[in-house]
Amino acid sequence: MPPRRRPQYTPESIDQQLQQIHLLDPSSSSENLEQLGPIIKEIHANRQQEAYLRHLQGLIESKDSEIETICTDNYQEFISSISTLFTVKSYTTNLRDKIMTLDGSVSQVGRGLVEKKRALLQSKKTASNLDEAIDTLQACLKVLDVVNRVREMVKEGKYWSALRSLEDIQSMPSTSLSQTPFYQHLLSSLPSLRVQIQNAVTASMKQWLLEIRNVSGQVGKLALEAMEMRTRKWRQRRDKDHMLRLSRVGSAVEMVTHERTDSNALDNEKVKVDFKPLYQCIHIYTTLDSLDTLRKSYQADRKAQSDLILPTPLPLSSLLLLTQEICGFFIIESHVLQNTGNFRSERDVEDLWEALIARFSAAIDVSLKSETEPDSFLRVKECLIGFAMTLESYSYSTNSLHAFILVLFEKYATLLQNQFSHQFDTIIMQDDHLAMQVSRDTERESVLDTVWLSAAEQDELLNLSLPHNLPWSQSFYLCCLDIRSFIQKFYQFVEGVSQHHENIDELLNRCLDNLLSDNISGSVGKRVASTTTLSQIAQIVTNLEHFQVACSELERSLSSLRSTQRGGTIRLNSGTALSTTLTRALKRIVGLITSKLDDFFELSEYDWTPQSRETMASMYLYELINWLTTVVDSLVIKETYKDEAYKGAVDYIAECFMDILSGPNVQAMNENAIANILHDVEFLEGEFTRIGRSHLNTVFAELRLMSSIVLSDAVQDYLVPHTRQTVYSIVKPKRLQALLEKLCKYGASRRDNPSREKGEKRRKEADAVGRVFPGENR
């Protein structure tokens, strides 16, 4: 089988094929490069064929000698073959020329196509790069737009959205943009943007802090007004139900019965506190893991604001405004504490509260140092009590505030006592000591409701027909009125204070005792000492009696005057001082009576050495008895006190007579003078018996018995111990000795022997009495 012949490609066939190729078809969107393949393959085949022919030619030329030998041997065939070969060679040469020409043409065409292809590939690469650049630029623009919107959101206060946008940028999936310097630069700028967001939200919170400082006073005012309304409602309810009398606002009973309303001091028609800036700031700082920094900054800012609340010095006129501002400040702090999780600690808020209250209390104390009016302290207390109850409702501890109120209370009580002491002194000193008169039922009821009386006396006075005089004078009524006012003001201060009830009652006990003892009893004592009118002193005695009764009744009724305070039993010790003053008043009555009795005794004209004895009493004694009975019986005092007045007067009369007998004023006397004195004593005893006061006659017992010893010449019996102890025990030996010496002097002054002998006898008796009782005579 003959070998396959290679296909023959002539230049004409190649030109024909090239003319059929269209590299760029205007109607097609793609290139026709694939049509070049077969042609290039044909060209390559022709080139191989040409190489083969050249190789063959070389072989032919190298084998010419061999061929010539072969041809010689085979000449004819060789000639034929040579002829054929020449023909082939000519064709080959032509073909080679054509191939060379075609190769040049193909090379020229291929080179143009390659250039076009290269240009096309470069164009496609450029287009691809442009597309990639456009995509990258678009991605950059998107990122830049996000960054720009971050700035806009910061300006608009959308801090969380801005922060989330930064997080979105940082968490973008990895793209070609991620490797660009622009993106890396952008990532390096994110911390700066976070700082800007942090600074912006911090500035927003700082502005919010300034705003809440400006509205704190209004918030506190609304809260205090709400508490005042709540207190007023509770008082009305408590007044209607006595079972609630001991319960205060904020107690368990009040908390249960309290009708809660929707009033909110932070969100109402007048004020609305928006905590969004703070919440945003907390949220942003928490996300940035910087909450501790914000917490410290907030604490420092609030402390600085709390320090600015109190002015130095603190004017009492602005106390209400200050309590409103402090109240609003800590109501806001309470809200922040309850609604921000662990952002605020209770300890931090308590530290702020305790520090401010300590400075507040100290400032008030300094401002009150120059105050002398108790009403100033009362106004401060009322302001502080409402303030304390309001913040108690927000769970703040007010123990230190209540303790400070009690400190103010002690000062208030002292000033109140001083104020009422002056009032009591004025009342007592201006009293006319005339019985108080009532003419209408309403007037009488008003007076009887004010004073403290025993039930029996009150019933008795209510049954008297009008008009009539009351037993006491105006001072008793006014003092009782002021005592009630004092107690009311005293407990008005501690209304709402729930601490140290026993101390309060003890202080009240002491104040009332001081007022009753020092001012009422003391002032009455001064009036007693300066009053010379017996009727006025008698009225003072009656007043003092009623003050004593008032003390006892006051102790029993004081529990109903205590408002809502629980405490111990009140025990007034001023009754002792009143009793002492009463005794002084009674002595003053006796003193005035005895002073008048001195006038009577100065008018008496006794002959101490009469020659005979009188048959009638001395004339001055008639006047004395008439005056004494008239004056004493006219005194509007108890019969017991009248009897004491009589007894005091009789004691004085007895002393006057005893002074005549044994005193130094009369140097000598005889038995007739003694008998005359006994006659006067018998007259007085008869008169006292006549007026029903015979028991007063016992005052003259010593005088009568001593006189009887002398007149009956029974000195020797007196010297007998048994007789002296049983019969003459009331006779004092010193007085008996003095009387015997006066009789001795009288006898010694006489010239007749019997009188002189009797005088000597009296001297010996006096010496004997003196020797027997030397200790008593010293």
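Because the structure is predicted, anything quoted here is derived from the model rather than measured.
- Within the 4.5 Å cutoff, side-chain heavy atoms of L703 are placed close to those of L678.
- Side-chain atoms of D518 and S421 form no donor-acceptor pair, as typed in the model, at a separation below 3.5 Å.
- Aromatic ring centres of Y620 and F600: separated by at least 6.0 Å.
- Under a 4.0 Å N-O distance rule, the pair D767/R763 qualifies as a salt bridge.
- Considering only residues two or more places apart in sequence or on other chains, Q536 meets the side chain to side chain contact (heavy atoms under 4.5 Å, CB included) condition with H433, T531, T533.
- The pair E702-R735 meets the salt-bridge criterion, with a side-chain N (NZ, NE, NH1 or NH2) lying under 4.0 Å from an Asp/Glu carboxylate O.
- Listed by chain and residue number, F601 satisfy the ring-ring contact (aromatic ring centres under 6.0 Å, His included) test with F657 (two or more places apart in sequence, or in another chain).
- Considering only residues two or more places apart in sequence or on other chains, D713 meets the side chain to side chain donor-acceptor pair (under 3.5 Å) condition with K761.
- A salt bridge links R762 and E765; the closest N-O separation between the charged side-chain nitrogens and carboxylate oxygens is under 4.0 Å.
- Checked against salt bridge (Lys or Arg N to Asp or Glu O under 4.0 Å), K758 has the following partners two or more places apart in sequence or in another chain: E671.
- For the ring-ring contact (aromatic ring centres under 6.0 Å, His included) test with H546, the passing option among Y477, W452, F476 is F476; the others fail.
- Taking 4.0 Å as the cut-off between side-chain N and carboxylate O, E687 and R690 count as a salt-bridged pair.
- For Y622 and F683, the gap between ring centers is short of 6.0 Å.
- Ring centroids of F490 and Y412 are separated by 6.0 Å or more, keeping the two rings apart.
- Residue pairs meeting the salt bridge (charged side-chain N to carboxylate O under 4.0 Å, His left out) criterion with at least one member in residues 413-431: none, sequence neighbours excluded.
- E614 meets the salt bridge (Lys or Arg N to Asp or Glu O under 4.0 Å) test with no other residue; sequence neighbours excluded.
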